[in-house]
Amino acid sequence: MSFRQACSTDDVAKGSALHVEMEGVEIAIVHAEDDQFYAIHDECSHASIPLSDGEVDGCTLECWLHGSRFDLRTGEPTGLPATEPVPVYPVEVRDGSVFVSLASSNGVTP
């Protein structure tokens with residue numbers, strides 16, 4: 001599995017998300033309240049809205065437009081109106097940087 005540097009850990013405050021584009025893939029890097037970093041496809045499966053503009057709540061990311069929530073660990077929707085999961089990507093934190101693999105860890109493709 002190939003990991004590429006996405007950003008510095010300092011770029012993403014705890015409880016926030018940052019939009020990055022890696023090889024044409026839109027990704028939200030999230031520093032969740034459990035102090036872990038997650039990478040999730042940066043588009044709501046319900047309305048094609050950037051999830052990085054939404055709110056982090058625990059280990060979920062909420063779409064600001066209609067309130068759909070997605071589990072950062074699985075990509076599964078945890079709140080309507082979304083019913084389809086979004087891709088999530090493996091993350092490694094090394095030497096103050098966040099590295100992401102573009103091989104979806106939940107089998108969902110963008």
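Starting from 1, each residue takes its place in the sequence as its number. Since the structure is predicted, the reported quantities are computational estimates derived from the model, not experimental observations.
Under a hydrophobic-cluster definition in which Ile, Leu, Val, Met, Phe, Trp and Tyr are linked whenever side-chain heavy atoms come within less than 4.5 Å, directly or via other members, I49 and V86 are assigned to different clusters. Both I27 and V91 belong to a common hydrophobic cluster when Ile, Leu, Val, Met, Phe, Trp and Tyr are linked at side-chain heavy-atom distances under 4.5 angstrom. One hydrophobic cluster, built from ILVMFWY side chains closer than 4.5 Å, holds both L51 and V88. Under the 4.5 Å side-chain heavy-atom criterion for Ile, Leu, Val, Met, Phe, Trp and Tyr, L18 and Y89 are members of the same hydrophobic cluster.
Side-chain contact between S101 and S2 is absent, with no heavy-atom pair separated by less than 4.5 Å. Side chains of Q5 and V98 form no contact here, defined as non-hydrogen atoms less than 4.5 Å apart. Side-chain contact between F99 and V93 is absent, with no heavy-atom pair separated by less than 4.5 Å. For the pair T74 and N106, the minimum side-chain heavy-atom distance is 4.5 Å or more. Counting only heavy atoms from C-beta outward, the side chains of P77 and S68 never approach each other to under 4.5 Å.
Once rounded to the nearest 0.5 Å, the distance linking CD of E55 with CG of L61 reads 9.5 Å. Rounding to the nearest 0.5 Å places OG of S16 at 10.5 Å from CD of E33. The CD1 atom of I40 lies 11.0 Å from the CZ atom of R73; values are rounded to the nearest 0.5 Å. Taking CZ of F70 as the reference point, atom SG of C63 lies at 7.0 Å (rounded to 0.5 Å). Between atom CZ of residue F37 and atom OG1 of residue T9 there is a gap of 5.0 Å, rounded to the nearest 0.5 Å. With rounding to the nearest 0.5 Å, the separation of SG in C7 from CE in M22 is 9.0 Å.
The shortest non-hydrogen separation linking S48 to E43 is CA-CG, 3.4 Å. When every heavy atom of L80 is checked against every heavy atom of T83, the shortest pair comes out as CD2-CG2, 4.0 Å. The shortest heavy-atom contact between A32 and K14 is O-CG, 3.7 Å. Closest approach of A6 to V20, counting heavy atoms only: O-CG1, 3.8 Å. The two residues E76 and P85 make their nearest non-hydrogen contact at OE2-CB, 3.7 Å.
Without hydrogens or angle criteria, H31 side chain to V12 main chain gives a donor-acceptor distance under 3.5 Å.
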Q: Walk me through it: do V100 and R4 pass the test side-chain contact (heavy atoms from CB on, under 4.5 Å)?
A: CA-CA 5 Å; V100 175; R4 301 204 189 300; over 6 Å; no

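With a 6.0 Å radius and a threshold of 12 heavy atoms from other residues, nucleotides or ligands, D95 has its CG atom at or below the threshold. In this structure, E26 places its CD atom where more than 12 heavy-atom neighbours from other residues, nucleotides or ligands lie under 6.0 Å away.
Under the salt bridge (Lys or Arg N to Asp or Glu O under 4.0 Å) criterion, E92 pairs with R94, sequence neighbours left out. In this structure, the salt bridge (Lys or Arg N to Asp or Glu O under 4.0 Å) partners of E62, at least two apart in sequence or on a different chain, are R69.
With 3.5 Å as the limit, one finds a donor-acceptor pair spanning the side chains of S52 and D42.
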